[in-house]
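Structure provided below as structure tokens; questions to follow.
Residues take their numbers from the sequence shown, with the count starting at 1. Remember, it's 1-based here, ligands and their atoms both numbered in the order they're listed. Small disclaimer: the values here were computed from a predicted structure and weren't measured.
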Amino acid sequence: YTPIPRPKGYRVSWHANPAVEPHHFGQSHPMKPFRLTLTKQLVMAYGMHHAMDLYMTRAATYEEMADFHNTDYLDFLKTIIPSDMQSSDQSDSLARFNFGDDCPVFDGLYNYASLYAGGTIDAARKLCNNQSDIAINWSGGLHHAKKAEASGFCYVNDIVLGILQLLRHHPRVMYIDIDVHHGDGVEQAFWSTDRVLTVSFHKYDKDNFFPGTGALDSNGPAHPLNPGAHHALNVPLNDGIEDDDYIALFKEIIGSCVSTYQPGAIVLQCGADSLGCDRLGCFSLNVQAHGACVAYTKTFGIPLLVVGGGGYTPRNVSRAWAHETSILVDAANIIDPNIPDAVTFRNHFGPDYSLFPPLSDMRRIENKNSRAYLASLVRTIKEKLRYIQG
Ligand code: TV7
Ligand code: CA
Ligand code: ZN
């Protein structure tokens with residue numbers, strides 16, 4: 001490969017620890033940390049690691065995680081071992097903290113959770129210290145974890161911990177979430193403050209799609225004394241949304257939010273389960289459209305923390321995150337759309353060996369989002385923005 005040069009005029013930092021990658025949620029569980037290995041292999045095969053400052057992240061400390069999480073919960077997370085899943089004297093705690101099929105106890109769980117959280121905290125601190133302009137942690141983005149509860153494959157809410165770091169330096173932080181699921185944990189953590197504006201795009205079907213929250217008119221407790229009222233925005237979508245509609249919707253909504261709220265930093269959760277062909281998702285986006293949201297967010301020139309999230313078809317998750325890394329280092333138009341011969345695990349990318357396979361055509365899903373519906377979403381959200389001040 002030829003090394004990708006550093007971008008001109010700004011710095012990008014990459015935060016990772018390879019010790020996250022070998023963790024296993026268990027047989028048949030959709031969450032596969034191996035997608036991080038694949039992503040890193042692609043990024044390196046393209047020579048993009050030369051364009052960034054690379055940081056090996058450390059595990060978040062117990063005290064750092066206690067900035068958000070209850071110590072009861074952290075104590076449990078720290079001591080629980082896989083054989084406790086069957087033990088009757090742990091069944092109350094397991095139920096209380098919402099462990100089970102979605103959030104199993106696996107070997108090295110505390111290590112896994114504290115490592116991905118450490119990456120996001122470190123990334124946020126680099127932005128605060130002005131040592132980076134765009135900081136990336138693809139192992140983070142676990143947006144469902146609650147103060148005292150695991151949820152939806154998430155144990156520690158690294159995003160909340162990263163935002164808490166950013167709030168030490170910035171009066172206002174904006175959170176954008178393009179995972180196909182609602183970013184409920186982040187929304188809930190900040191819904192009593194006007195210092196964080198959360199915006200999640202997701203599939204919404206109250207009774208049939210996890211987590212069942214994130215309706216258009218769910219904007220945080222509307223108590224007159226709650227400063228956080230109106231500072232949670234939700235963009236509920238139906239199955240099958242396609243590239244051009246999604247990009248237009250994202251630009252309209254995010255453009256209005258940024259110009260109204262004027263955040264000092266942005267956190268972008270890039271869950272790749274919003275791609276077409278995802279094992280759990282139901283949208284029809286191609287890698288380019290997912291990337292277009294990242295590219296648009298970058299145009300504001302505001303300090304940017306980029307995290308991963310969901311994504312259950314590892315070959316496509318790694319395609320999207322490698323492409324998005326290339327966008328962030330300003331190399332999207334110089335890298336070869338054909339996956340390099342030298343990439344480790346290249347067999348995962350066959351038979352096309354392309355960074356941009358036609359995901360939207362490979363599993364047709366009827367688009368249940370009419371133009372009229374999308375236009376009404378934009379109109380309603382712009383009305384909601386009238387309550388918000390920058
Ligand atoms: C951020 N969907 C996380 C998204 C979390 C989604 C769910 C599964 C699932 C779990 C498995 C499994 C699965 C094929 C899919 C109501 C239930 C139904 C557990 C079987 N296969 C993110 C969470 C969601 C676990 N949960 O946003 C082990 O699908 O819908 C639910 C809840 C109860 C529990 N059962 C599923 O992307 C990272 N879970 C196979 C084995
Ligand atoms: Ca989302
Ligand atoms: Zn998801």
- Message: Show the atoms of ligand 1 that are less than 4.0 angstrom away from any heavy atom in Asp273.
- Response: 37 (O)
- Note on the structure: The reported gap from CD in Gln389 to CG in Asp194 (rounded to nearest 0.5 angstrom) is 9.0 Å
- Asp179, N/O/S atom nearest the Zn ion (ligand 3): OD1
- Message: Can you tell me how the ring of Phe153 sits relative to the ring of His29, calling it parallel under 30°, perpendicular over 60° and tilted otherwise?
- Response: perpendicular
- Contact atoms of ligand 1, heavy-atom distance to Met31 under 4.0 Å: 38 (C)
- Message: Regarding His231 and Thr198, do their side chains bring together a donor and an acceptor under 3.5 Å, going by distance alone?
- Response: no
- Less than 4.0 Å between a side-chain N and a carboxylate O, is that true for Glu64 and Arg125? yes
- Can you find an N or O of Gln27 that's nearer than 3.5 Å to an N or O of ligand 1? no
- Task: Write the atom name of the N, O or S atom in Asp179 that is nearest the Ca ion (ligand 2).
- Result: O
- Protein heavy atom under 4.0 angstrom of atom 18 (C) of ligand 1, is there one? no
- Relative to each other, are the rings of Tyr246 and Phe250 parallel, tilted or perpendicular (30° and 60° limits)? parallel
- Query: Counting both backbone and side chain atoms, is some N or O of His181 under 3.5 Å from an N or O of ligand 1?
  - Reply: yes
- Message: Using a 4.0 Å heavy-atom cut-off, which part of Pro211 comes near ligand 1: side chain, backbone, both, or neither?
- Response: neither
- Query: If you count the atoms of ligand 1 from 1 in the order shown, which ones are under 4.0 Å from a heavy atom of Asp101?
  - Reply: 19 (C), 20 (C), 25 (C), 28 (C)
- Message: For His323 and Phe356, take the angle between the two ring planes, folded into 0 to 90°, and tell me which bin it lands in: parallel under 30, tilted 30 to 60, perpendicular over 60.
- Response: perpendicular
- Region of Leu280 engaging ligand 1 - heavy atom pairs below 4.0 Å: side chain
- Query: Hey, which N, O or S atom on His181 ends up closest to the Ca ion (ligand 2)?
  - Reply: O
- Message: Please give the atom name: the N, O or S atom of Asp177 nearest to the Ca ion (ligand 2).
- Response: OD1
- Does a salt bridge link Lys382 with Glu252, judged by any charged N lying under 4.0 Å from a carboxylate O? yes
- Note on the structure: Note: Asp179, heavy atoms under 4.0 Å from ligand 1, region reported as side chain
- His290 ring center within less than 6.0 Å of Phe283 ring center: no
- Task: Tell me, please, if His202 has any N/O/S atom, main chain or side chain, under 2.8 Å from the Zn ion (ligand 3)?
- Result: no
- Consider every N or O of His29 and every N or O of ligand 1, then say whether any pair is closer than 3.5 Å. no
- Which word best sums up how the rings of Phe106 and Phe25 line up, parallel for under 30°, tilted for 30 to 60°, or perpendicular for over 60°? tilted
- Could you tell me which atoms of ligand 1, counted from 1 in the order shown, lie closer than 4.0 angstrom to a heavy atom of Leu142? 38 (C)
- Query: Within 4.0 Å of atom 4 (C) of ligand 1 (strictly less), any protein heavy atom?
  - Reply: yes
- Metal-centred angle, OD2 of Asp273 through the Zn ion (ligand 3) to ND1 of His181, rounded to 10 degrees: 100°
- Message: With respect to Tyr312, determine whether any N or O atom, backbone or side chain, lies less than 3.5 Å from an N or O atom of ligand 1.
- Response: yes
- Message: What I want to find out is whether Glu21 reaches Lys32 closely enough, with some N-O distance under 4.0 Å, to be called a salt bridge.
- Response: no
- Could you grab the angle centred on the Ca ion (ligand 2), going from O in Phe201 to OG in Ser200, to 10°? 90°
- Query: Is there at least one pair of N or O atoms, one from His143 and one from ligand 1, spaced under 3.5 Å apart?
  - Reply: yes
- Under 30°, 30 to 60°, or over 60°: which ring-plane class applies to Phe97 and Tyr73, parallel, tilted or perpendicular? tilted
- Classify the angle between the aromatic ring planes of Tyr1 and His50 as parallel (below 30°), tilted (30 to 60°) or perpendicular (above 60°). tilted
